[in-house]
Structure formats: structure tokens, C-alpha cells
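Values below: all heavy atoms of this structure, side chains included; hydrogens, waters and symmetry mates excluded. Letters A, B, ... are given to chains in the order of the sequence lines, protein chains preceding strands, and every chain is numbered from 1.
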Protein chains: 2
Amino acid sequence: MGLGVGRKRGEAVLEMADVIPEDAPIPDDLSWTLKRRPTINDVARLSGVSKKTVSRVINQSPLVRGDTRERVQKVIDKIGFEPDLQARGLASQRSFLLGLVYDNPNAQYVVKIQEGVLEASRRAGYELVVHPCDRTSPGLAAEVRHFVERQKLDGVILLPPVSENEQVAAELAEADCRYVRVLAAPIDRSSNTVLYYDWEGAAEVAEHLADLGHRKIGYIAGPRSFRSAHERDRGFRQGLARRRVGLDPALVEEGAYTFESGEAAAEKLLSRPDRPTAIFACNDEMAAGVLKVAYRMGLRVPEELSVVGFDDSPLASRLWPSLTTVRLPIKEMGQMAAEKLIQRIVNPGTPPATDSIVVARLVIRESTARAP
Amino acid sequence: MGLGVGRKRGEAVLEMADVIPEDAPIPDDLSWTLKRRPTINDVARLSGVSKKTVSRVINQSPLVRGDTRERVQKVIDKIGFEPDLQARGLASQRSFLLGLVYDNPNAQYVVKIQEGVLEASRRAGYELVVHPCDRTSPGLAAEVRHFVERQKLDGVILLPPVSENEQVAAELAEADCRYVRVLAAPIDRSSNTVLYYDWEGAAEVAEHLADLGHRKIGYIAGPRSFRSAHERDRGFRQGLARRRVGLDPALVEEGAYTFESGEAAAEKLLSRPDRPTAIFACNDEMAAGVLKVAYRMGLRVPEELSVVGFDDSPLASRLWPSLTTVRLPIKEMGQMAAEKLIQRIVNPGTPPATDSIVVARLVIRESTARAP
DNA sequence: TTCCCAGATGACACCGGTATCAAAACGCTT
DNA sequence: AAGCGTTTTGATACCGGTGTCATCTGGGAA
């Protein structure tokens with residue numbers, strides 16, 4: 001038997017000149033490596049084991065003996081082998097790609113969240129494929145499904161408002177694709193969600209304004225179709241109620257989260273005889289519109305009018321006066337979403353972790369002051 | 001012979017129940033399709049041809065007879081076959097992925113250019129993998145190379161300032177990876193560049209200010225290390241020269257393209273006894289800083305001080321007063337870059353197209369007026 | 001009719017990994 | 001030394017396409 005083995009080894013050596021004898025050092029001349037990317041076969045040959053064993057090493061399988069693993073690893077390091085993702089994916093039905101689906105390519109937050117997602121996913125060896133889309137498109141769910149199937153994405157992150165679309169989620173579930181949603185309010189018990197509590201920030205806005213003595217408060221809500229707008233609305237009203245300050249329905253406008261809609265709403269509010277002493281606009285864009293109208297009308301901010309925004313976009317700190325607003329840890333949300341997703345991917349059988357929650361917090365700047 | 005063929009066909013039919021006889025309609029019951037994604041083998045079997053022929057059809061090879069092509073195509077459509085990108089990539093050394101490399105994830109322009117790139121690349125069936133990086137990192141070139149090789153990207157688009165790094169370009173060339181650079185000024189004769197002529201816009205700024213009667217013009221330059229800053233500088237000086245207006249070196253500051261650096265520079269400029277009547281800041285961020293300082297010092301804009309920015313960022317139109325600035329067709333640049341890249345990929349032997357050029361143009365808003 | 005050649009098609013190896021399952025090696029008893 | 005249950009390891013068939021090259025087909029020329 002022993003002899004038989006010896007013979008086999010011998011044959012192998014004769015056949016493949018490059019094989020490394022049991023205890024000889026790995027050759028230093030690796031000029032041939034330059035010719036092409038090393039493959040798993042090269043590693044196998046050079047370390048005198050089978051492909052499968054190399055495969056086990058690179059996949060950290062525990063079924064490899066310590067010295068074998070070391071030996072193989074040394075060769076891997078030496079020749080700089082990196083597994084081919086396509087081959088790996090083809091064989092194992094993975095792609096090492098994550099997807100990021102969003103609408104609203106203009107929104108600041110996309111870049112930031114993308115940044116966070118990328119940091120986390122890169123750490124785990126995943127790359128990110130981005131996919132902007134139109135949330136109002138009728139074929140959205142199918143489109144997203146096609147996107148993930150085309151690239152066999154290992155998982156997707158859905159940003160609001162796409163994340164609020166149940167069809168998309170259902171389609172992904174059916175396609176058997178893991179996903180994580182970033183949402184303003186829990187939708188189901190799936191626990192694959194990063195929740196951001198806008199409402200807490202909005203409540204803080206209400207309390208802040210109330211505490212400054214404002215009683216006639218104008219309010220520019222966000223579009224009904226956005227979940228976050230709902231949550232901000234809920235929080236704001238709740239905060240006012242806590243301080244026992246009423247909200248005059250006549251001082252409530254609905255905006256579209258755009259600068260222009262903010263201007264329009266502000267014009268209505270500020271041209272009233274009993275004009276408000278403070279205005280809370282549901283995002284910074286609209287708040288910037290309010291500021292502009294105030295200037296045009298010769299109203300001093302914050303002396304005669306306090307203005308509050310939401311989002312802490314770059315805009316907020318660059319306006320004059322700088323905006324009191326509400327900040328979400330956007331980048332961190334991206335990280336959390338990616339980590340959650342990767343966790344689900346690498347550890348499919350794990351008990352579903354609880355939702356991650358981040359809370360929006362008031363940032364006081366120059367645009368708010370005591371009521372006149 | 002004819003008999004032989006007939007027999008063969010017959011055998012085939014017997015062996016594979018699903019095969020479609022020469023002129024029989026393709027069966028409508030395709031319930032089995034649901035089981036798994038159809039593969040090229042399914043198509044081949046159902047249409048009674050070999051894999052290779054199907055492959056030819058999906059690759060639009062001209063070596064397929066019209067009726068064969070039709071027959072196969074019909075099956076493809078019917079069962080909704082889509083080639084597996086990983087398998088295809090593994091076999092043909094492609095990936096159908098493009099890369100977008102950028103620094104400065106905060107910059108507005110990244111999202112916009114990304115939008116343009118995505119539109120064009122999606123049209124051509126490519127997906128986009130994004131890769132932010134640190135332009136000052138010493139290992140940048142190697143990192144980018146690793147990025148493209150890991151995913152076997154078919155091509156990369158480099159955005160400034162990464163695009164200005166010759167090492168990165170060299171490394172990519174060595175890795176035999178197609179790339180397109182977005183650049184403010186031509187670097188070589190490679191012609192794989194989308195050029196944006198910042199300098200023309202800057203010249204227009206100079207002329208605009210000169211025409212408004214400004215003679216004492218403050219100038220906040222961008223950081224020397226940025227190519228675009230150079231170009232803006234060149235253009236601005238050129239424009240002034242054309243109008244025979246001098247630029248007092250004492251009124252020149254260098255900023256860092258940040259809001260804060262704009263504030264600092266403006267403070268210096270505006271606290272001089274012979275303070276300028278106009279300030280050109282090399283980007284909108286810094287111009288916003290100038291505006292803020294002007295407010296703080298009680299200077300009215302544009303009556304007492306004209307301010308001009310550059311970039312036409314979202315900020316520019318939302319400030320009060322809205323900024324006169326310079327606009328680049330960012331999204332279009334992204335499209336052009338992607339189209340250029342794809343062109344190179346699908347048509348490798350093509351004579352190198354000339355560089356694409358876009359020109360920055362002045363946008364006059366509210367922040368500039370006649371000199372006092 | 002026979003020959004020839006271009007156009008169409010197919011058989012089969014291959015891309016670089018993973019999965020399966022059998023075989024080998026190992027450590028301990030008995 | 002033989003027996004036996006674990007580790008370790010490897011042979012080989014995939015995954016789903018593409019590339020190569022041989023074969024087949026169908027006119028037109030001889």
C-alpha cells in the first residue's frame with residue numbers, strides 16, 4: 001500500500017513538472033504567474049493537493065488538516081491566487097454582488113446611504129450594483145426582480161420610497177432573493193428592516209417650537225404618498241399635543257418635498273393676516289423655499305419668523321440663517337442595512353434578528369428663536 | 001441519406017420528449033418553465049437545434065439561417081430564456097459590468113453623473129458597480145486594478161479627481177481594462193476622454209462681471225491640486241484679460257472647495273479697506289460661504305456685492321439670492337462617458353473616436369448686478 | 001451526374017470553480 | 001495485526017455558456 005502511494009506521487013511529479021515535493025520549499029521563481037491569472041488548478045498543482053482541497057481552504061472549511069491548510073495557503077499567498085467570482089458564482093449560485101434600489105436619484109441621501117452601504121459591503125467582500133428606478137412605474141416589481149435575477153444578486157437593499165412598495169417586496173420574496181428595507185415605520189414582522197424614527201425628530205421640533213413660545217405654528221406637510229411624511233406628521237402632532245399647543249388646520253399646507261412647493265406653501269401661510277410666527281417644513285428643500293419667501297417679504301428670520309426643516313441636508317447648514325432641522329444618521333443606516341443583509345446571506349438559518357432602529361434628532365441652528 | 005437523416009430525427013424525438021417536430025407549433029403548456037430558470041439547453045432541446053446554434057442566435061451571429069433563427073427566437077421568447085451572465089462571462093471573459101470610480105462621495109455631481117451613466121449603460125445591457133475611493137491613498141492604482149480584476153469589469157469610468165491620476169490610468173492599461181476618463185483638460189492623445197471645458201464658463205464669468213462694471217473683483221480659487229481649479233483659473237484670467245480688467249493679486253485667495261474655506265476667504269476679502277465689489281468663488285459651496293459672510297457683515301447682495309459661484313449645484317438655486325453660477329451638463333457627461341466606453345467595448349478595433357467635449361456655461365441669477 | 005465550395009450546423013472541450021460520494025488515512029481498540 | 005469509526009482527501013460530474021473545428025447541406029460549375 002505504502003508503495004502504491006509512493007508510486008502515485010512519483011507519477012504525479014513526472015507528469016507535472018511544477019508540483020512541489022512534500023517538504024521542499026515553494027519555488028521563488030514565479031515568473032509564470034504573470035502570464036495569466038492563477039486559478040485553483042495552479043494552486044492545487046503547486047501544493048500537491050486536489051482542487052477540492054484548495055476549494056475547502058478558500059472556503060474556510062473545517063475539514064482540512066492544519067498542515068494541509070497552511071501549505072495550500074502559503075501557495076495561495078505566494079502566487080496571489082484569488083478565486084474567480086464568475087466561476088464561483090456559476091457553480092454555487094452566488095454572485096457576491098449586492099443591489100441598491102432607489103428612486104429619486106437627486107436626493108442627497110442616496111449618495112450618503114450608498115457610502116455607508118459600500119463601506120460595510122466592501123468589508124465583507126461584496127460589491128454593489130446600483131439601480132435607480134421610477135417608483136411610479138407600473139412594472140416596478142417585475143423590473144426589480146429582473147434586475148436581481150439578471151445578475152443573480154445575493155441580496156438587495158431597498159430605499160424609501162421604493163421600500164414601501166409591497167409588490168416589490170413580494171416579488172423579491174417569490175424570487176427567493178434576500179432583501180433589507182429601509183423604512184420609516186414597520187410594515188410587517190419580517191424584521192429585515194432598518195427603521196428610522198422620523199416621528200421622534202418631528203416631535204422634538206414641535207416641542208422646541210412650543211418651548212420657544214410659538215403658538216401660531218405653520219406646518220408644511222410632505223406628500224401623503226410618502227410613509228416618512230406620515231410619520232413626521234404623526235410625530236409633529238404628537239409633540240404639539242404633549243405641549244398642549246394646538247395646530248390650526250388653516251395653517252397646514254401640503255407640499256411636495258420640493259423647493260418650489262415650499263415657496264408656494266410659505267406664500268400662502270405668510271400672506272395671511274394672522275400669519276404664523278414659526279413654520280415647520282417637512283424637509284429642508286421646502287424650508288429653503290420658506291426662507292426665500294420670508295426674505296422676499298422682508299421678514300427677518302428668526303426674529304420675526306422661526307423656520308425648521310428636516311433631513312439636515314447639506315443645504316441646511318449652508319443657508320442663511322442656517323436651518324434648525326432634524327438629522328438622521330444616513331450613512332450609518334446604509335451600513336446597518338448592508339450588515340443586516342450580509343448577515344442574512346452568510347447565515348441563512350439564523351434566528352431573524354430584530355429590526356435595527358435609528359432615531360432622528362433635532363439639530364438647533366440659527367433659524368429658530370423665541371416667538372416675537 | 002435522406003432516410004438516415006429521418007431516422008436521426010426520429011431517434012431524437014424518442015429520446016427527448018420535449019423536442020418540437022419540424023413544423024409543429026411550440027407547445028403552449030410551459031408549466032415546467034416555472035421549476036427553474038430556463039437554460040440554453042432547454043432552448044436547444046425545444047427548438048431542435050444544438051446549444052451552439054442557440055448561442056449564435058442570442059449573439060446575433062450572421063451565420064444562422066433566417067428560418068432557424070426565427071424558430072429559436074420564438075422558443076426563447078416563449079420560455080423567457082435569458083442567458084446566464086456568469087456562465088457567459090466565465091466562458092467569454094466578460095462580465096457585462098461597468099465600474100464607476102470616484103472620490104468625494106459627498107459631491108453632488110456624483111449622483112448626477114451616475115444617473116447619466118446608468119441610463120446609457122442600462123440601455124446597452126450593462127450594469128454598474130460603483131467604487132468610491134480615496135484619491136490620496138498611496139495604493140490607489142493597485143486598489144482600482146484589483147477592483148476591476150476582481151469583477152472582471154468590462155470597463156471603468158473614472159471621475160475627477162481620480163481621473164487625473166496617471167498611475168491609475170497606467171495600471172488599468174496594463175491590466176488591459178478599457179476605461180474612459182472624465183477630465184477638465186486633455187492629458188494625452190488617448191481620446192478616451194470626456195472633456196469638460198470649465199475654463200469657458202469661467203471666462204464667461206469674468207466677462208459678465210466686467211460687463212456689469214466691476215473692476216475690483218475678488219477671486220477665490222480652488223485648490224491647486226485639482227485640474228478643474230487650474231482650468232477655471234485660466235479661463236477666468238483669460239476672460240478678464242479679454243475685457244482688459246486687471247486682477248489684483250491681493251484680492252486673490254485660495255480656497256479648498258468647502259463652505260468653510262469660502263467663508264474664511266470672504267472674510268479676508270471683505271474686511272479690506274478697498275473691498276471688492278464682486279467675488280467669484282470657484283464653486284458654489286464657497287460662494288455660499290461668501291454669501292453668509294456678506295450677510296453677517298450687513299452687505300446687501302447683489303446691490304453692494306455681486307457673488308458668482310460655479311457648478312450650478314442644487315444649492316445655487318436655493319440660496320437667497322439665488323446664485324449666478326456656471327453649469328455643466330453633468331448627467332449628459334455621464335451618458336457620454338458610458339456610451340464612449342461601451343462603444344470601445346463592443347467595437348474594439350474601431351478607429352479611436354475623438355474626445356467628447358462639453359462646455360460649461362454661465363447661468364445668470366440674482367446674485368449679480370451692476371457695480372455700485 | 002459529379003465535384004467543389006461557401007454557408008450552416010453540431011460535437012465536444014473548456015472557462016474556473018463547487019457538490020457528491022467514494023476511497024484513503026488516521027487513531028484507537030481489541 | 002486486524003477491525004472500526006472518524007477525519008481528510010480526491011475523482012469526477014456538474015454549473016451554463018462560448019470557441020474550435022469537423023461535418024453536413026445546398027447550390028452552381030464542370
Note to self: Can you confirm whether more than 12 heavy atoms, excluding those of A:D176, are under 6.0 Å from its CG atom?
What the structure shows: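 No, the 6.0 Å shell around CG holds no more than 12 heavy atoms from other groups.
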
More than 12 heavy atoms from other groups under 6.0 Å of CD on A:E166
yes

DNA chain D nearest-nucleotide lookup for B:R56 and B:R94: closer to the 5′ end is B:R94

- prompt: Does any non-hydrogen side-chain atom of B:P132 lie less than 4.5 Å from one of A:R122?
  reply: yes

- Task: Decide yes or no for A:L97 and B:L97: does some side-chain heavy atom of the first lie under 4.5 Å from some side-chain heavy atom of the second?
- Result: yes

Just how far, in rounded Å, is [atom2] of [N] from [atom1] of [X]?
X: A:I40; N: D:dC14; atom1: CD1; atom2: C1'; value: 15 Å
X: B:D67; N: C:dT9; atom1: CG; atom2: P; value: 7 Å
X: A:L63; N: D:dT9; atom1: CG; atom2: P; value: 9 Å
X: A:L85; N: C:dT18; atom1: CG; atom2: P; value: 10 Å
X: B:R150; N: C:dG17; atom1: CZ; atom2: C1'; value: 15 Å
X: A:E82; N: C:dG16; atom1: CD; atom2: C1'; value: 14 Å
X: A:F81; N: C:dG16; atom1: CZ; atom2: P; value: 10 Å
X: A:N41; N: C:dC15; atom1: CG; atom2: C1'; value: 10 Å

Does [X] have a side-chain nitrogen or oxygen under 4.0 Å from the phosphate oxygens OP1 or OP2 of [N]?
X: B:S92; N: C:dC15; answer: no
X: A:S50; N: D:dG10; answer: yes
X: A:R88; N: C:dG16; answer: no
X: B:N59; N: D:dT18; answer: yes
X: B:R65; N: C:dA8; answer: no
X: B:T53; N: C:dG10; answer: yes

Review point. A:V64 near the nucleic acid: base, sugar-phosphate alone, or nothing, with a heavy-atom cut-off under 4.0 Å?
Key: sugar-phosphate

Reckon A:V49 touches a base, only the sugar-phosphate, or nothing at all at heavy-atom distances under 4.0 Å? sugar-phosphate

Review point. Between the side chains of B:Q86 and A:Q86, is a donor N or O closer than 3.5 angstrom to an acceptor N or O?
Key: no

Contact nearer the 5' end of DNA chain C, comparing A:S55 with B:R69:
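The 5'-side residue here is B:R69.
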
Assign each of B:K52 and B:A87 the nucleotide of DNA chain C bearing its closest heavy atom; nearer the 5' end lies the nucleotide of B:K52

